[in-house]
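Written out below as structure tokens is the structure these notes cover.
We're numbering straight along the sequence, starting at 1. Whatever order the structure lists them in is the order used to number ligands and atoms, beginning at 1.
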Amino acid sequence: MPITSVSNKSPPTGGSQARLRLAPSPTGRLHLGHALSALINVRFAEQLGGRLLIRMEDIDLARCRPEYARAILEDLAWLGIRPPEPVLYQSEHFAVYRRAAQRLSDMGLLYPCFASRQEIALAAATDACDPDGAPLYPGLWRNRDARDVEARLAAGAPFALRLDMAKALSHLVETQGDAPLSAVAFDEDLQPSAVAVDASRWGDVVIQRKGELPSYHLAVVVDDARQGITHVVRGADLLPSTDVHRLLQALLGFPAPAYHHHRLLLGPDGRKLSKRAGDTGLAAWRAQGLAPTDIAALVGRKPQALRRDVIYLLPRNRHH
Ligand code: GLU
């Protein structure tokens, strides 16, 4: 069964055209890993006869910069990728995410958490981590005495809003039955399969950060829905996040896109490439004479050393 017939069951846009997205965070310039991800998206968009949208995930105001967003668009254009619709900048839509958080709050599923990162780390059990490796939130402000909460609110203390995971999961059972939540995954040949998801391993995730800023999970789910995204193609590092995304989609009544998580490029030291760690940006490769076709060749390339779903890219430099 082709994937299109799965997504047609609940076409998010009312039409049948597939919609994919690139969702870079403008915290630096693109590196080769982003280029690979972009080109894998292009390939799927072509296979599906769909559109590839661009969304700037620039909600982290401390780390994102408009000049990086401009540079990313320029690097993508060099790769031959131009947005078919206006680029969505998340930083221009904070009210939309606040409304989505409000809906979850009205369902009684959120609670304010005043704890600092340090307090959480100190209180967390040493061996309990979320799939990102962060200490699992030990529930410091869950079911807290209302007077404690009111006192903090009255003092104007900043707070995050967290999802009460246990309540959210039982809300889902009450409203939608006890069929376990799953995601549709598709492979290179667009063959779909159902994958079980388990959001509980994330604990009480943050939905709205201090200062009324949306968390990544909330913003991504809201935007995939309002942009009518039918197919999410992104790196394998985001696979575990899909569990939270599926839960939020189900709670908010959003359609579920189908997912493909592709292999990552690692540096020679086995680390994931990272803008922040200063890995060679695409711009530097461009300056050294690498052509878009060289990058495109990576997409179909057989992994040289396969370790789980990750390949090593042996850096090539024509001038050495
Ligand atoms: N903004 C995320 C990143 O740059 C990608 C989010 C997504 O594809 O869901 O890692």
Side-chain angles (χ1 to χ4, degrees), residues 12 18-42 44-45 50-66 68-69 71-73 75-76 81 83 87-93 97 100 131-134 183-186 197 199 202 205-207 209 213-249 254-266 271-277 279 281-282 309-310:
R19 290 168 69 83
L20 295 81
R21 86 302 197 273
L22 289 176
S25 302
T27 54
R29 295 205 58 156
L30 295 188
H31 55 59
L32 278 184
H34 299 113
L36 177 74
S37 188
L39 290 167
I40 292 175
N41 266 280
V42 168
F44 276 118
R51 290 189 152 192
L52 178 55
L53 313 190
I54 299 181
R55 171 162 88 222
M56 286 292 164
E57 302 213 321
D58 56 353
I59 45 177
D60 187 341
L61 299 175
R63 288 180 33 224
C64 295
R65 296 212 206 125
Y68 288 138
I72 286 173
L73 291 177
D75 282 340
L76 290 175
I81 302 171
V87 175
L88 188 151
Y89 291 84
Q90 290 189 324
S91 61
E92 293 172 2
H93 300 275
Y97 312 121
D132 273 348
V184 173
F186 59 98
V197 301
W202 285 93
V205 282
V206 172
I207 294 296
R209 295 180 293 142
L213 298 169
S215 68
Y216 154 67
H217 295 309
L218 181 68
V220 87
V221 158
V222 167
D223 285 343
D224 283 342
R226 71 199 178 112
Q227 292 191 290
I229 301 303
T230 55
H231 297 75
V232 171
V233 175
R234 59 187 179 187
D237 52 333
L238 291 171
L239 177 63
S241 297
T242 308
D243 299 18
V244 178
H245 300 172
R246 284 292 302 114
L247 174 62
L248 294 178
Q249 286 155 1
F254 293 156
Y259 290 88
H260 178 88
H261 290 91
H262 61 74
R263 65 190 192 266
L264 299 178
L265 289 182
L266 298 189
R271 245 183 343 103
K272 190 178 108 175
L273 296 179
S274 148
K275 282 184 284 217
R276 270 181 289 166
D279 280 308
L282 202 56
D309 43 7
V310 158

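A donor-acceptor contact closer than 3.5 angstrom links the side chains of Asp223 and Tyr97. Side-chain atoms of Arg21 and Gln227 form no donor-acceptor pair, as typed in the model, at a separation below 3.5 Å. In this model, no donor atom of one side chain and acceptor atom of the other lie less than 3.5 Å apart for Arg19 and His231.
Taking 4.0 Å as the cut-off, His245 does not count as a neighbour of ligand 1 on heavy-atom distance.
Side chains of Phe254 and Leu248 form no contact here, defined as non-hydrogen atoms less than 4.5 Å apart. Counting heavy atoms from C-beta outward, Asn41 and Leu20 have side chains that approach closer than 4.5 Å.
For ligand 1 and Ala23, the ligand atoms under 4.0 Å from any heavy atom of the residue are 1 (N), 2 (C), 3 (C), 4 (O), 5 (C). Near Arg234, the atoms of ligand 1 lying under 4.0 angstrom from a non-hydrogen atom of the residue are 7 (C), 8 (O), 9 (O). Taking a cut-off of under 4.0 Å to the non-hydrogen atoms of Glu57, the atoms of ligand 1 that pass are 1 (N), 2 (C), 5 (C), 6 (C). The contact set between ligand 1 and Arg21, taken as ligand atoms under 4.0 Å from a residue heavy atom, comprises 7 (C), 8 (O), 9 (O). Here is the list of ligand 1 atoms found below 4.0 Å of a heavy atom in Tyr216: 6 (C), 7 (C), 9 (O). In the vicinity of Val220, heavy-atom distances shorter than 4.0 Å reach the ligand 1 atoms 9 (O).
Of the heavy atoms in Leu238, only side-chain atoms (C-beta onward) come closer than 4.0 Å to ligand 1.
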| Between His261 and Arg234, does a side-chain hydrogen bond (donor to acceptor under 3.5 Å, both in side chains) hold up when you go through it step by step? | CA-CA 5 Å; His261 290 91; Arg234 59 187 179 187; 3.0 Å; yes

